[in-house]
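From a predicted model like this one, the values you see are computed outputs, not experimental measurements.
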Amino acid sequence: MGSNTRVSKADYYEVLGVSRDCSDQELKSAYRRQALKYHPDRNPGDHAAEEKFKEASEAYQVLSDTDKRAAYDRFGHAGLGAQGFGAGPFAGGVDLGDIFGDLFGEMFSMGGMPRGASRASRQQRGDDLRFDLTIHFEDAMFGTETEVKIRRLETCKVCHGGGSASGRGPSVCSQCQGRGQIRYQQGFFSVARTCGACSGTGSVIGDPCSACRGEGRAAAEIKLTVKVPPGVEEGTRIRYAGEGDAGRVGGPKGDLYIVLSIQPHDFFERHGHDLHCVIPVSFPQAAMGAEFEIPGIEGPVSIKIPEGTQSGREIRVRGRGVPYLNEKGVGDLIVKIVVQIPRKLNRAQRDLVAKLAETMTVENKPTSPGLIEKMKDLFS
């Protein structure tokens with residue numbers, strides 16, 4: 001006596017691991033997790049994983065459709081017969097690009113071009129170029145003009161950028177039939193890759209120009225006058241639009257970036273818009289005050305040292321620093337005073353210093369009780 005065995009299908013909500021009142025976003029996230037876990041490309045040869053992947057895709061196809069979900073909620077699997085639900089995991093057209101976003105959107109598709117893709121144009125923008133230029137310290141302050149030699153790709157003068165020796169131009173690529181991409185089947189998915197024969201342009205040069213070998217561009221050395229504005233700093237980039245490599249097949253040129261490097265100065269250091277220098281003075285000059293000139297980048301600078309100046313004091317000279325780049329205003333010159341103490345004295349100098357010390361001991365009392373107390377506190 002025979003018996004009929006009926007296999008019941010799993011509940012779609014249980015397949016995806018969501019509640020019956022889940023939102024669309026929760027549904028989408030649940031399907032994404034299942035699909036990533038059981039995708040055939042991640043589980044090659046695993047038929048159980050492949051079945052689970054089909055089951056999850058089928059469940060999402062139904063539950064993501066408002067009408068099908070309503071019918072399923074009311075009548076279960078029996079309610080889907082009238083909805084035209086067919087066999088196979090993608091009968092309803094699950095949009096993988098929408099589900100997987102950047103992860104799969106540009107890799108997989110169920111037919112046609114990948115999501116967001118279009119046929120590549122042969123016309124391409126030229127590359128940007130960089131040229132490192134070293135200038136003098138003074139040129140960075142006041143600006144300069146200099147001529148540089150740049151090696152870049154120029155439009156071929158023989159074929160005028162067409163790349164063809166006869167002038168007929170390009171023909172359709174036989175490998176990709178002009179699509180710029182070649183498609184491969186991987187499991188359930190179709191994968192698109194850039195055509196290697198035409199580099200994604202969809203066309204090839206049948207009779208390449210002998211001068212540029214079909215590239216449409218040839219290397220050339222050109223001279224360019226670079227204008228450096230006053231006040232530039234180390235690493236400043238100057239952009240020259242359209243002075244980079246020529247584009248392909250009439251595409252726009254790239255840009256040229258001049259990157260500046262500044263030689264150090266023997267006497268001055270730059271900190272922002274201020275110049276700094278160190279001036280040694282003698283003890284008598286520091287004690288009695290003095291006025292003298294120091295060499296400046298724009299000419300001599302008069303410096304006045306007040307009486308009793310201590311070593312390490314800084315004197316600011318307004319407006320003798322670095323000009324502001326593309327703005328009005330100039331920084332300052334900061335002069336640091338360093339009092340030099342002679343290492344050796346002759347007899348006459350020692351006698352004079354001794355007499356000075358006697359007068360200073362009476363008046364200034366360097367070992368005053370206040371100083372002694374401070375020293376006791378410091379070393380106790």
J.: Assigning hydrophobic clusters by single linkage (Ile, Leu, Val, Met, Phe, Trp, Tyr; side-chain heavy-atom cutoff under 4.5 Å), is Leu325 placed with Ile258?
T.: yes
J.: Tell me the closest heavy-atom pair linking Arg318 and Asp332, and the distance in Å.
T.: NH1-OD2, 3.0 Å
J.: Are Tyr257 and Phe131, when compared by the centres of their aromatic rings, separated by less than 6.0 Å?
T.: no
J.: Would a single hydrophobic cluster contain both Val281 and Leu345, if residues Ile, Leu, Val, Met, Phe, Trp and Tyr are joined by side-chain heavy-atom contacts under 4.5 Å?
T.: no
J.: We want to know whether Glu55 and Tyr12 form a side-chain donor-acceptor pair, criterion being a heavy-atom distance below 3.5 angstrom.
T.: no
J.: Mind checking who shares a hydrophobic cluster with Val278, ILVMFWY linked at side-chain heavy-atom distances under 4.5 Å?
T.: Val338
J.: Hey, any chance Val335 and Val330 share a hydrophobic cluster, counting ILVMFWY side chains that come within less than 4.5 Å of each other, even indirectly?
T.: no
J.: Would you confirm whether Ser261, through its side chain, and Thr134, through its main-chain N or O, come within 3.5 Å as a donor-acceptor pair?
T.: no
J.: Do Val322 and Asp274 come within less than 4.5 Å of each other through their side chains, counting heavy atoms only?
T.: no
J.: Going by ring pair (Phe, Tyr, Trp, His ring centres under 6.0 Å), name the residues that satisfy it together with Tyr13, two or more places apart in sequence or in a different chain.
T.: none
J.: Hey, does Cys195 have a side-chain heavy atom less than 4.5 Å from the side chain of Gln175?
T.: yes
J.: Using every non-hydrogen atom in the two residues, find where Cys22 and Leu27 come nearest and quote the distance to one decimal.
T.: SG-CD1, 4.0 Å
J.: Could you check if a side-chain atom of Glu50 sits within less than 4.5 angstrom of a side-chain atom of Asp46, using non-hydrogen atoms only?
T.: no
J.: Taking all heavy atoms of Cys198 and all of Gly180, pick out the closest pair and write down the distance.
T.: SG-CA, 4.3 Å
J.: Is there a chain of hydrophobic side chains (I, L, V, M, F, W, Y, each step under 4.5 Å between heavy atoms) that links Ile135 to Val259?
T.: no
J.: Holding to ring pair (Phe, Tyr, Trp, His ring centres under 6.0 Å), I want the full list of residues that pass it with Tyr324, two or more places apart in sequence or in another chain.
T.: His273
J.: For the hydrophobic clusters of this structure (ILVMFWY residues joined by side-chain heavy atoms under 4.5 Å, transitively), does one cluster hold both Ile337 and Val317?
T.: yes
J.: Anything under 3.5 Å between a donor and an acceptor, one on a side chain of residues 285-307, the other on a protein residue two or more places apart or in another chain? List them.
T.:
unit_1: Gln285; atom_1: OE1; unit_2: Ser282; atom_2: N; d: 3.0
unit_1: Gln285; atom_1: OE1; unit_2: Ser282; atom_2: OG; d: 3.3

J.: Check Leu275 against Arg320 and note the closest heavy-atom contact, atom names and distance.
T.: CD1-O, 3.8 Å
J.: Arg125: what forms a salt bridge (Lys or Arg N to Asp or Glu O under 4.0 Å) with it, not counting sequence neighbours?
T.: Asp128, Asp255
J.: Assert yes or no for the condition that the ring centre distance of Tyr60 to Tyr31 is strictly below 6.0 Å.
T.: yes
J.: Atom NZ in Lys223, atom CD1 in Ile150: separation rounded to 0.5 Å?
T.: 12.5 Å
J.: What I'd like to find out is whether the side chain of Arg69 reaches to under 4.5 Å of the side chain of Thr66, using heavy atoms alone.
T.: no
J.: Return yes when atom CD of Glu234 has more than 12 non-hydrogen atoms of other residues, nucleotides or ligands closer than 6.0 Å, and no otherwise.
T.: yes
J.: Would you say Thr236's side chain and Val232's backbone share a donor-acceptor pair under 3.5 angstrom?
T.: no
J.: When you compare the side chain of Cys209 with that of Cys156, does any pair of heavy atoms fall below 4.5 Å?
T.: yes
J.: Going by the rule salt bridge (Lys or Arg N to Asp or Glu O under 4.0 Å), which residues pair with Asp11 if we only count those two or more places apart in sequence or in a different chain?
T.: Arg20
J.: Could you tell me which non-hydrogen atom of Leu129 sits nearest to which non-hydrogen atom of Arg151, and how far apart they are?
T.: CD1-O, 4.0 Å
J.: Does CG belonging to Asp24 count more than 12 external heavy atoms closer than 6.0 Å?
T.: no
J.: When rounded to the nearest 0.5 angstrom, what distance separates OG in Ser57 from NE2 in His39?
T.: 8.5 Å
J.: When you compare the side chain of Phe137 with that of Arg270, does any pair of heavy atoms fall below 4.5 Å?
T.: yes
J.: I'd like to know whether NE2 of His271 has more than 12 heavy-atom contacts from other residues, nucleotides or ligands below 6.0 angstrom.
T.: yes
J.: Do Leu333 and Cys277 come close enough that some side-chain heavy atom pair is under 4.5 Å?
T.: yes
J.: Does Glu215 reach the side chain of Arg248, with side-chain heavy atoms less than 4.5 Å apart?
T.: yes
